[in-house]
Amino acid sequence: MAIVELQNVCKAYGAKIAVDNLSFRIEPGTMFGLLGPNGSGKTSTIRMMIGITVPDSGTIQLFGKPFDRNVLKRVGYLPEERGLYKKMKVMDQLVFLGQLHGLDAITASKRAHAWCERLQITEAIHKKTEDLSKGMQQKIQFISTLLHEPDLIIMDEPFSGLDPVNATLLIDTLVDLRKSGKTILFSTHRMDQVEKMCDQIALIHQSKLVLAGSMREIKSQYPRNRVQMNVTGDMSFLQHPSIESYKDYSGHVEIKLRSEHGVEPDAQALLADAIAHGSHISRFEVTEPTLEEIFIETVGTVSETNPTGGSLDA
Amino acid sequence: MHNVWLIAKREYFERIRTKSFLLMTIAIPLLMGGGILGGAMVGHKTQSNSHIAVVSIDLQMATDLQNELEHGKHTKMVVDIISPPGADTRKVLDGELADKQLDGYLWITPASNSHVRPRFLWTPKSRADIVTRGAISEALRTVMTTETLTHQGMDKSDVQLLMQPVELDSSQAGKNDDSESAFFSAYVLFFLMYFVIMLYGMNVARSIIEEKTSRIFEVLLATIRPEEMMAGKVIGVGSVGLTQVGIWLLTAILLTSTSLVAQATGSNFHVPLTAMQIVFFVVFFLLGYLLYSSIAAALGAMTNSEQELQQLNMFLVMPLALCMFSLSFVIPNPDGAAATAISFIPFCTPLIMYMRISMGHPSWLQIGASILLMIATIYAVLWLASRIYRVGILMYGKKPNLPEILRWLKYS
């Protein structure tokens with residue numbers, strides 16, 4: 001049974017198509033990344049999953065059943081637009097949000113305290129939300145998503161605006177939750193984050209699904225035609241005929257090799273050539289393309305802004 | 001239902017705990033009471049105590065006028081008589097006017113024959129002083145009528161008797177609702193209702209905008225329906241209003257029943273709140289509040305900021321203002337055709353029908369029908385508002401135009 005299953009889901013806001021014929025499924029216990037540039041329809045998709053909006057056509061199933069508001073008690077949702085009651089005290093707020101998810105006040109308060117300790121924000125418990133830093137508010141919102149111990153955790157851009165220390169803290173927490181059997185879906189436009197965390201991904205671009213599947217499967221479809229080099233000295237080996245293109249970041253070079261029909265190219269000749277030119281090489285690594293490179297290869301270019309950007313997908 | 005209760009509870013306690021709630025609860029009755037008392041006092045004591053000069057060749061007329069103005073019922077002026085005027089009188093008087101020693105002077109030029117009235121030239125220091133002007137005009141009429149009547153051979157005491165104002169004795173009307181204090185209490189309750197509906201209706205809109213700006217609603221929408229959210233808000237904010245009004249009413253009843261007010265003011269004036277009045281007040285307050293706050297909720301969902309709300313709040317203010325204006329013909333004749341018609345416009349029903357019940361005698365049929373009509377309207381407005389709310393609350397950025405809002409109604 002899939003935890004989430006979308007079949008041919010379409011949604012349009014007036015003339016603007018937000019989601020176009022989207023289908024994918026999320027198996028239990030996976031860390032699922034919903035990827036795509038800004039304005040590609042990630043938030044619209046998520047909103048339909050949890051019943052904030054309804055698809056124009058297609059079906060959405062949660063926990064193997066057609067959508068029903070009662071299952072929302074098993075879902076934790078962190079929206080992209082963070083929001084808390086500014087004037088409310090942190091603990092009151094967490095208890096209130098926990099109660100909305102069906103907890104009683106005592107359980108909610110107990111769990112909230114435990115989480116605050118785990119995320120190292122105990123000093124914030126008795127403060128008003130408006131007195132907290134942005135990072136702290138984000139942690140509190142993170143906690144409010146998890147208080148009712150949901151089986152499915154949906155997070156829209158969970159790490160945006162966090163410093164690396166806190167981002168790592170939240171990533172570790174999510175990894176722990178996945179280990180304990182929870183299913184996690186998060187969306188991001190930062191593909192480098194996803195590479196290490198996700199088991200499965202769905203990549204959408206201009207409202208359409210362009211790639212889906214397990215991380216390993218997707219990567220294995222692409223030949224290992226990338227070379228990462230740390231090199232100083234003579235750089236004339238970069239004119240070698242096996243190189244299709246390269247980027248030189250003074251000392252660090254990223255090379256894309258020519259490959260015919262998915263056949264893995266041989267990098268040995270290039271290495272030999274570089275040594276022959278007398279370059280000093282401290283690293284030479286043949287890799288698969290990164291997710292970002294795969295994405296760019298698939299859709300051409302990443303459009304950072306969405307020209308027809310609808311106000312609904314803020 | 002549990003969710004509605006949670007939202008309402010949060011809304012209620014967060015509001016009750018604020019300082020502004022406490023301040024309002026204390027300050028508003030003080031302000032209103034002060035305003036009404038002050039207004040009453042000013043109304044009774046609007047009389048002129050100006051210092052004027054009367055210039056006339058006819059000394060008799062000038063003296064009569066002086067008498068009337070200095071010892072009249074509503075005037076306590078100081079009147080100088082210049083008779084007959086000298087060549088430089090006008091210049092002197094103009095100088096005194098400029099030095100602010102005089103508030104004005106009246107120049108009387110006698111008529112050439114007895115069939116024409118004399119000419120009166122009034123030169124005031126300030127043209128805005130209509131009280132003095134009115135008092136002089138009134139006094140002149142009395143003086144002239146008296147003079148003419150005496151001239152025609154009427155006895156002086158007969159003339160005085162004739163000139164006395166007629167007094168209507170209404171002291172026997174005490175048992176009817178139309179007594180002065182009943183009118184007073186109805187008036188106070190009307191404004192209380194007007195004020196609270198206005199204030200708390202706007203509070204619903206504001207609290208929705210607040211949730212929109214803080215983006216909290218998206219978290220809420222992930223567990224509860226927009227309808228529940230709206231219902232919780234309306235109930236929560238409305239209960240705050242009821243609490244406040246409850247405190248005010250209770251204080252008023254306590255004060256009047258222990259006749260503290262009577263002792264304090266040294267009169268036997270009291271505010272008679274009948275049980276009926278209070279019951280109808282609560283019923284119509286609830287209905288009116290529900291109606292206006294659902295409109296406010298829709299307005300709040302349509303807008304993104306307080307400023308934008310200000311532009312739209314005429315939808316709230318206009319019907320209420322209409323009620324205010326209509327008071328001028330509802331109060332004199334609460335059972336008349338116009339009052340009846342207005343009390344059946346649902347947006348005016350809570351205020352006007354309540355006023356009619358307090359001051360007139362609408363039939364039970366009319367009262368029942370108006371309540372039913374209101375409930376139907378509230379239902380329709382809530383239906384519309386919740387649809388606008390559901391879509392509008394997810395809208396940020398640009399302000400929607402009318403066709404867009406109409407399209408929202410069709411969204412599911």
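So that the names make sense, note that chain A is the first sequence line, chain B the second, and so on, each numbered from 1. What you see is a predicted model, and the numbers here were worked out from it, not measured in a lab.
Checking E14(B) against Y85(A) by side-chain atom types alone, no donor-acceptor pair falls below 3.5 Å. With no hydrogens or angles considered, a side-chain donor-acceptor pair links E218(B) and Y77(A) at under 3.5 Å.
Within a 6.0 Å radius of CD1 in I106(A), no more than 12 heavy atoms belonging to other residues, nucleotides or ligands are found. Residue M318(B) qualifies as open at atom CE: its count of foreign heavy atoms under 6.0 Å is 12 or below.
Among I216(B), N3(B), V219(B), the residue with the largest count of heavy-atom pairs under 4.5 Å with chain A is I216(B). Highest contact tally toward chain B, considering only L72(A), I154(A), I50(A), L100(A), is held by L100(A) [criterion: heavy-atom pairs under 4.5 Å]. Of the residues considered (E210(B), R10(B), R225(B)), R10(B) shows the highest number of contacts with chain A, using heavy-atom pairs under 4.5 Å.
Within the model, atoms CD of E228(B) and CZ of R69(A) stand 7.0 Å from one another, a figure rounded to the nearest 0.5 Å. The line from CG of L6(B) to CD of Q99(A) is 5.0 Å long, rounded to the nearest 0.5 Å.
Proximity to chain B (any heavy atom under 4.5 Å) is shown, for D56(A), by neither the backbone nor the side chain. The part of R17(B) that comes within reach of chain A is its side chain, from C-beta onward, which places non-hydrogen atoms under 4.5 angstrom from that chain.
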Could you check L97(A) against T223(B) for side-chain contact (heavy atoms from CB on, under 4.5 Å), going step by step and ending with a plain yes or no? CA-CA 9 Å; L97(A) 291 170; T223(B) 43; over 6 Å; no
